Amino acid sequence: MKHLFIINPIAGGSDKSVVLKERIDRIFEKRDDEYEIYVTSAPMDAPLKIISSAANGGGLRVYACGGDGTLNECVNGVAGLPGTAVTHYPCGTGNDFIKTFGAEKNKFTDLNGLINGRARPTDLINCNGRYCINICSVGLDARIGTDVHKYSKIPLIGGPGGYIISTVANVIKGTTVPLRISCGEEITDGAVTLVCACNGRYYGGFFNPMPTALIDDGITEFLTVGKVSRIGFIKMVGKYAKGRFRELGGIVKHLRGTRMEISSETELAINADGELLRGKEISFETVPGGVDFIFPEDFRYFDIPSGKN
């Protein structure tokens with residue numbers, strides 16, 4: 001079994017690669033396992049490295065040392081490869097996917113615990129050919145999330161301030177877009193504020209729109225928010241962020257299924273685990289057990305039957 005550590009040197013705003021290398025080297029001084037440390041140098045080079053390493057056979061465990069974007073890249077390298085598994089060693093700003101596991105998310109910061117951990121099939125969402133393990137969205141929140149980096153780099157603003165400025169800027173631009181949405185027998189035509197497809201529970205740092213989403217039940221939880229004014233959005237966003245969408249009445253629809261298709265006359269920003277995609281025709285398709293995800297040793301998740309976490 002080989003261990004491959006993918007380190008994103010810019011995750012979290014500072015280069016942690018030297019410290020991480022030293023930590024990993026110390027751990028494997030006492031182990032016989034083969035390991036490799038790879039520091040990324042360009043977007044989406046992680047999947048290429050993973051595929052190359054897996055080609056040697058013998059099994060491969062991949063550790064995404066970065067934020068949610070790094071995890072997404074590693075998931076896209078591992079998905080579909082036999083004998084491979086992936087996990088997250090959080091070094092980013094949000095680290096949203098592992099927040100699904102509550103207080104146990106802190107166990108992912110224990111490298112020894114991860115290395116000794118067990119893999120378990122975990123669902124994915126296929127968004128226009130890009131695998132996602134956490135949350136995808138389209139509409140106002142996707143515009144906010146994908147624009148935030150433009151504002152976060154401004155001196156004295158930083159990450160949280162960037163979200164606030166991005167929210168204000170995008171609300172001013174307008175809250176809705178005409179979409180055609182189909183999910184099972186449900187078809188919607190008209191103005192939509194946002195669409196969210198949840199495998200995990202958290203995104204955008206603190207949004208938790210679907211607190212009951214399960215990562216291994218073979219189902220994706222969909223939320224669609226209809227037409228709201230600028231003031232209406234400001235009033236509703238707090239409840240939406242806390243998973244209290246049922247208090248917002250008929251403006252929010254909750255759908256459960258394995259596929260949703262969205263059509264737009266204009267190109268849309270798509271949030272895919274925090275990464276930016278664009279398209280007019282969008283599909284979200286559940287991939288049951290699409291990747292083996294490694295959980296730290298002594299993780300409570302394994303005490304609960306699959307699909308009932």
Side-chain angles (χ1 to χ4, degrees), residues 68 71-72 74-82 84-86 96-101 119-139 141-142 145 179-190 192-203 207-226 240 243 245-246 250 252-264 268-275 277-293 295 301 304-309:
D68 290 295
L71 175 60
N72 179 268
C74 291
V75 164
N76 276 273
V78 169
L81 288 179
T84 62
V86 66
D96 287 327
F97 175 66
I98 61 173
K99 290 176 183 174
T100 295
F101 310 113
R120 179 164 177 153
T122 300
D123 299 342
L124 298 176
I125 299 172
N126 184 333
C127 175
N128 286 14
R130 178 80 169 246
Y131 290 112
C132 303
I133 196 169
N134 190 30
I135 287 179
C136 301
S137 63
V138 172
D141 66 331
L179 299 178
R180 179 178 177 84
I181 303 171
S182 63
C183 180
E185 298 181 356
E186 184 84 19
I187 298 176
T188 301
D189 275 297
V192 175
T193 299
L194 64 89
V195 179
C196 191
C198 303
N199 185 47
R201 298 179 182 179
Y202 286 85
Y203 75 126
F207 280 76
N208 180 17
M210 183 53 64
T212 58
L214 302 175
I215 63 167
D216 62 350
D217 62 349
I219 294 292
T220 300
E221 308 282 351
F222 299 102
L223 292 175
T224 66
V225 180
Y240 171 83
F245 62 89
R246 291 180 178 85
V252 179
K253 288 184 179 180
H254 174 210
L255 303 169
R256 307 182 75 241
T258 58
R259 185 175 181 85
M260 174 178 280
E261 295 180 350
I262 301 171
S263 296
S264 172
L268 301 173
I270 308 165
N271 159 41
D273 285 354
E275 299 299 289
L277 307 179
R278 294 190 182 277
K280 294 182 179 180
E281 301 294 326
I282 304 162
S283 66
F284 300 131
E285 184 171 3
T286 311
V287 185
V291 72
D292 284 340
F293 192 81
F295 294 87
Y301 184 84
I304 304 171
S306 178
K308 298 181 181 178
N309 303 292

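All values below come from the heavy atoms of this structure, side chains included, with hydrogens, waters and symmetry mates left out. Bear in mind that the values here come from a model prediction, so they are computed numbers and not experimental data.
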### Query
With distance as the sole test, does S182 use its side chain to make a donor-acceptor pair with the main-chain N or O of R180 at under 3.5 Å?
no
#### Entry: C196 side, atom SG; F245 side, atom CZ - distance, nearest 0.5 Å
10.5 Å
### I262 side, atom CD1; E281 side, atom CD - distance, nearest 0.5 Å
10.0 Å
### Query
Where is the tightest heavy-atom contact between A119 and D292, given as atom of each residue plus distance?
CB-CB, 4.1 Å
### Task
Report the residue from L277, L268, V192, I181 that forms a side-chain contact (heavy atoms from CB on, under 4.5 Å) with V138.
L268
### Query
Which heavy-atom pair separates Y131 from L124 by the least distance, and what is that distance?
CD2-CD1, 3.9 Å
## Note on the structure
Interatomic distance, OG1@T100 vs CE@M210, rounded to 0.5 Å, equals 12.5 Å
### Query
Which heavy atom in V86 sits nearest to a heavy atom in C74, and how many Å separate them?
CG2-CB, 3.8 Å
### Query
In Å, rounded to the nearest 0.5 Å, how long is the span from OG of S137 to CG of D273?
10.0 Å
### Task
Take atom OH of Y202 as the centre, draw a 6.0 Å sphere, and report whether it contains more than 12 heavy atoms from other residues, nucleotides or ligands.
no
### Query
Where do I133 and N199 come nearest, in terms of heavy atoms and distance?
O-ND2, 2.8 Å
### Query
Checking side-chain hydrogen bond (donor to acceptor under 3.5 Å, both in side chains) against Y203, which of D141, N134, D96, N208 comes through?
D141
### T224 vs V195 side-chain heavy atoms within contact, under 4.5 Å
yes
### Message
Keeping N72 on the side-chain end and D68 on the backbone end, is there a donor-acceptor pair under 3.5 Å?
### Response
no
### Query
Are side-chain heavy atoms of F293 and D216 found at a separation under 4.5 Å?
no
### Task
Taking all non-hydrogen atoms of both residues into account, name the closest pair between N128 and S283 and its distance.
OD1-N, 2.9 Å
### Task
Determine the minimum heavy-atom distance between R201 and I135, stating which atoms define it.
C-CD1, 3.7 Å
### Query
At what distance, to the nearest 0.5 angstrom, does CD1 of I282 lie from CD1 of I270?
3.5 Å
### Task
Could you tell me whether the side chain of I219 reaches within less than 4.5 Å of the side chain of T286, counting heavy atoms only?
no
### Task
Measure the OG1-CG distance between T258 and N126 for me, rounded to the nearest 0.5 Å.
12.0 Å
### Task
Would you mind reporting whether T220 and M260 have side-chain heavy atoms less than 4.5 Å apart?
no
### Message
Show, in sequence, the C-alpha distance, side-chain angles and deciding distance for V252 and Y240, and conclude whether the side-chain contact (heavy atoms from CB on, under 4.5 Å) test is met.
### Response
CA-CA 9 Å; V252 179; Y240 171 83; 5.6 Å; no
